[in-house]
Amino acid sequence: MTDTTENTGVPQPALAPLRAEIEDLVTIATGRVVTADDLRATGGSLDDAGVNSIGYINLLEALEQRYGLVVDPETDPHHLRSVDSIAHLVRTALA
């Protein structure tokens with residue numbers, strides 16, 4: 001049986017490469033203050049891993065540059081809760 005992500009219902013193996021790419025984006029966006037290991041230890045939660053406001057701004061810019069996604073944290077804050085929610089957003093946008 002394939003595990004699914006908590007927030008998306010999408011099988012984790014299908015999102016594994018994308019999740020790794022997003023973990024890398026978060027790591028770069030936070031100036032390496034938050035690592036992929038930090039994200040995994042918190043179940044992918046950006047807040048629990050320690051992403052600060054500057055990290056979120058950098059991540060928004062990275063998502064726009066990499067995937068052409070514009071995420072408004074005011075109207076769509078749920079998209080930025082976790083690595084899984086971002087992966088689901090990217091996958092949906094690219095489909």
Side-chain angles (χ1 to χ4, degrees):
M1 178 177 208
T2 302
D3 292 331
T4 58
T5 60
E6 183 177 314
N7 297 332
T8 66
V10 176
Q12 285 185 345
L15 291 178
L18 183 56
R19 289 182 86 249
E21 192 171 303
I22 292 167
E23 288 172 346
D24 289 343
L25 287 178
V26 172
T27 299
I28 293 165
T30 62
R32 306 199 184 284
V33 171
V34 174
T35 66
D37 288 338
D38 296 331
L39 291 164
R40 292 180 195 134
T42 63
S45 170
L46 275 60
D47 282 342
D48 292 346
V51 176
N52 64 21
S53 58
I54 300 296
Y56 275 107
I57 291 168
N58 291 339
L59 180 58
L60 290 171
E61 290 178 14
L63 291 170
E64 184 174 1
Q65 288 177 357
R66 174 81 49 99
Y67 305 109
L69 293 176
V70 177
V71 181
D72 183 350
E74 299 277 328
T75 59
D76 299 317
H78 60 282
H79 290 306
L80 298 173
R81 286 187 186 148
S82 67
V83 171
D84 288 334
S85 63
I86 295 169
H88 179 70
L89 174 67
V90 170
R91 189 170 172 95
T92 301
L94 297 178

Answer yes or no: is there an ion pair linking Arg19 with Asp84, defined by an N-O contact shorter than 4.0 Å? yes

Determine, using the 4.5 Å side-chain heavy-atom cutoff (strictly less than), whether Ile22 and Val70 are members of one ILVMFWY cluster. no

Should Thr92 and His88 count as side-chain neighbours, where that means a heavy-atom distance under 4.5 Å?
yes

Nearest heavy-atom contact between Leu89 and Val71 is CD2-CG2, 3.5 Å

Note: Ala93 and Leu69 closest approach over all heavy atoms is CB-CD2, 3.2 Å

Output for pair (Asp38 CG, Asp48 CG), nearest 0.5 Å, gives 11.5 Å

For Gly55 and Thr30, the nearest pair of non-hydrogen atoms, with its separation, is CA-CG2, 4.2 Å

| said: Quick one, His78 and Leu80 - any side-chain contact, counting heavy atoms below 4.5 Å? | reply: no

Self-check item: Heavy-atom donor-acceptor pair, Asp24 side chain to Glu21 backbone, under 3.5 Å
Solution: no

Query raised in the report: Are any of the side-chain heavy atoms of Leu46 and Ile86 separated by less than 4.5 Å?
Result: yes

Separation between CD1 (Ile28) and CG (Asn58), nearest 0.5 Å, reads 10.5 Å

Do Leu59 and Val26 have side chains that get closer than 4.5 Å, going by heavy atoms? yes

Interatomic distance, CZ@Arg66 vs CG@Leu25, rounded to 0.5 Å, equals 4.5 Å

* To do: Would you mind reporting whether Arg32 and Thr27 have side-chain heavy atoms less than 4.5 Å apart?
  => yes

So CD1 of Ile57 and CD of Glu61: to nearest 0.5 Å the spacing works out to 7.5 Å

